[in-house]
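To start, the structure itself, in structure tokens.
Within every chain, numbering begins at 1; the chains are lettered A, B, ... in the order of the sequence lines, protein sequences first and strands thereafter. Source: prediction; values computed, not measured.
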There are 2 protein chains.
Amino acid sequence: MLPALENYLQFIQQIHPLSPESIEAILPFLAQRNFYKKEFLVRQGNISDELHFILSGCVREYFEDANTDEINTWFGFENAVAVSTHSFFSQKPSLTNIQALEDTETIVIKHGDLQKLFNQFHEIERLGRLLAEQYLIQMEEIKIILQTLSAKQRYEYLLQHKPEFIKRIPLKYLASFLGIKLETLSRVRGQK
Amino acid sequence: MLPALENYLQFIQQIHPLSPESIEAILPFLAQRNFYKKEFLVRQGNISDELHFILSGCVREYFEDANTDEINTWFGFENAVAVSTHSFFSQKPSLTNIQALEDTETIVIKHGDLQKLFNQFHEIERLGRLLAEQYLIQMEEIKIILQTLSAKQRYEYLLQHKPEFIKRIPLKYLASFLGIKLETLSRVRGQK
DNA sequence: ATAAGTATTTGATAAATGTCAAATAAAATG
DNA sequence: CATTTTATTTGACATTTATCAAATACTTAT
């Protein structure tokens, strides 16, 4: 039916193996979506009723602060789930944008359809729980980076633990993600 | 059976209403625990197999960094769930301590018992999912504070959004939570 | 390949935060 | 209540990071 589902199904099975019946039930609700570079998966102010699994490409999540500076909050690559958490969970207007940084292919599932699947299949609800737990752990890790490291140490953290960030994401976006200014990031890169 | 369960049950029902059967099933697995000030609910290095609901009192979560400074990562008061997320979710050694800041009463449930309840009752699994989602949203909020605000703005955020933190938590603990030094926090308080 | 636009680097300086030491204030203990 | 311990504030100074401006490097589109 839908091509390129292998990665998607593998991603799911690795978080929580599902029965063939559950898989069968999910498939009709999936759709592939393609975004050109700079297109938006999610728009600030809109209710985000879609959860994306990234097949290929790369996205950033960001919002505009009081000074209309862009603050980048999250980056996602192949085989990651991209979602405006607050908006998707609570079905309220999104505080953030999610934008393709490269041409990007995703598989989407609608909030309403996912709720139906949660109702119908306990094991899909479990998958949801485990996914939320994993996401939470990742968030805590980044929080501790911001809480404890200097500008230089933050950059070194990326080098060691998120090398793909440095390869694929412009520095101007990485800076606000790291909570520092572009010029500082540039200088810190020069050192050592 | 167990006194002081009202708050606990109310907390649960407000996240996700449970049937009487589920409630009945949970009760036998709950136990009340009391901690004197400075006692530990969770110890760094141990596998944390207990999830605490705080009935009264207040706790901090922290770890020791390379310089043996204490980094405070989380504070919890009445009607909050206190848990070393990474350790509890994955049943690996905890990266953090959780310590009572005041004499504290909690209701605990064991990891193994909770898994049984998850298996048995879909709606309890849903409760778990929703709780993880809520926790995640809170974590993201704090992350953005650390990413975007100056020392003074961080303190003002606490004043406005977490006044109980300032009332009940010593500044020396709040400082590392805010990612700044004690002296800076003290100075920033004086201004304005 | 060239021009226009965008991204990154560099320099000079200002502002914010950290460090170390000491003073004061507050809390805990006998 | 007096004493000891712990927490917070203050001061002088060092270091880090931000700001503003400009130069250079890199991309993109023609």
Let's see if you can work this out: which of [options] has an atom nearest to the side-chain heavy atoms of [X]?
X	options	result
B/Ser186	C/dT17, C/dT6, D/dT8	D/dT8
B/Thr184	D/dT17, C/dG11, C/dG18	C/dG18
B/Ile180	C/dG18, D/dT17, C/dT8	C/dG18

Return the 5'-most residue of the pair A/Leu185, B/Leu185 with respect to DNA chain C, ranking by each residue's nearest nucleotide. A/Leu185
Check: A/Arg187 side chain, C/dG11 base, donor-acceptor under 3.5 Å: yes
Report the distance from atom [atom1] of [X] to atom [atom2] of [N], rounded to the nearest whole Å.
X	N	atom1	atom2	answer
A/Asn67	D/dA18	CG	C1'	13 Å
A/Leu101	D/dT27	CG	P	15 Å
A/Leu178	D/dT16	CG	P	18 Å
B/Leu171	C/dA27	CG	P	12 Å
A/Leu182	D/dA25	CG	P	17 Å
B/Lys38	C/dA27	NZ	P	14 Å
A/Asp65	D/dA18	CG	P	14 Å
B/Tyr155	D/dT9	OH	C1'	13 Å

When the axes are fitted on five pairs at both termini, how much does the helix from C/dA1-D/dT30 to C/dG30-D/dC1 curve, in 10° steps?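 End axes: 60° apart.
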For DNA chain D, whose closest nucleotide is more 5', that of B/Tyr173 or that of B/Glu183?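 The answer here is B/Tyr173.
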Side-chain atoms of residues 114-121 of chain B: list all donor-acceptor pairs with protein atoms under 3.5 Å, sequence neighbours left out, distances to 0.1 Å.
{"residue": "B/Gln115", "atom": "NE2", "partner": "B/His111", "partner atom": "NE2", "Å": "3.2"}
{"residue": "B/Lys116", "atom": "NZ", "partner": "B/Asp113", "partner atom": "OD1", "Å": "3.4"}
{"residue": "B/Asn119", "atom": "OD1", "partner": "A/Arg126", "partner atom": "NH1", "Å": "3.1"}
{"residue": "B/Asn119", "atom": "OD1", "partner": "A/Arg126", "partner atom": "NH2", "Å": "2.7"}
{"residue": "B/Asn119", "atom": "ND2", "partner": "B/Gln115", "partner atom": "O", "Å": "3.3"}

Whether [Y] and [X] form a salt bridge (side-chain N of Lys/Arg under 4.0 Å from carboxylate O of Asp/Glu) is what I want to check.
X	Y	answer
B/Arg33	B/Glu50	yes
B/Glu102	B/Arg168	yes
A/Arg60	A/Glu70	yes
A/Glu133	A/Arg129	yes

Would A/Asp49 and A/Lys110 count as a salt bridge (Lys or Arg N to Asp or Glu O under 4.0 Å) if you check the C-alpha gap in whole Å, the side-chain angles of each, and the deciding distance to 0.1 Å? CA-CA 6 Å; A/Asp49 73 337; A/Lys110 293 273 184 192; 3.8 Å; yes
Is any side-chain N or O of B/Lys37 closer than 4.0 Å to OP1 or OP2 of C/dA28? yes
B/Lys181 side chain near C/dT19 phosphate (N/O to OP1/OP2, under 4.0 Å):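 Answer yes for this pair, as a side-chain N or O of B/Lys181 is under 4.0 Å from OP1 or OP2.
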Show your reasoning for whether side chain to side chain donor-acceptor pair (under 3.5 Å) applies to B/His122 and A/Glu125. CA-CA 8 Å; B/His122 182 163; A/Glu125 182 105 43; 2.8 Å; yes
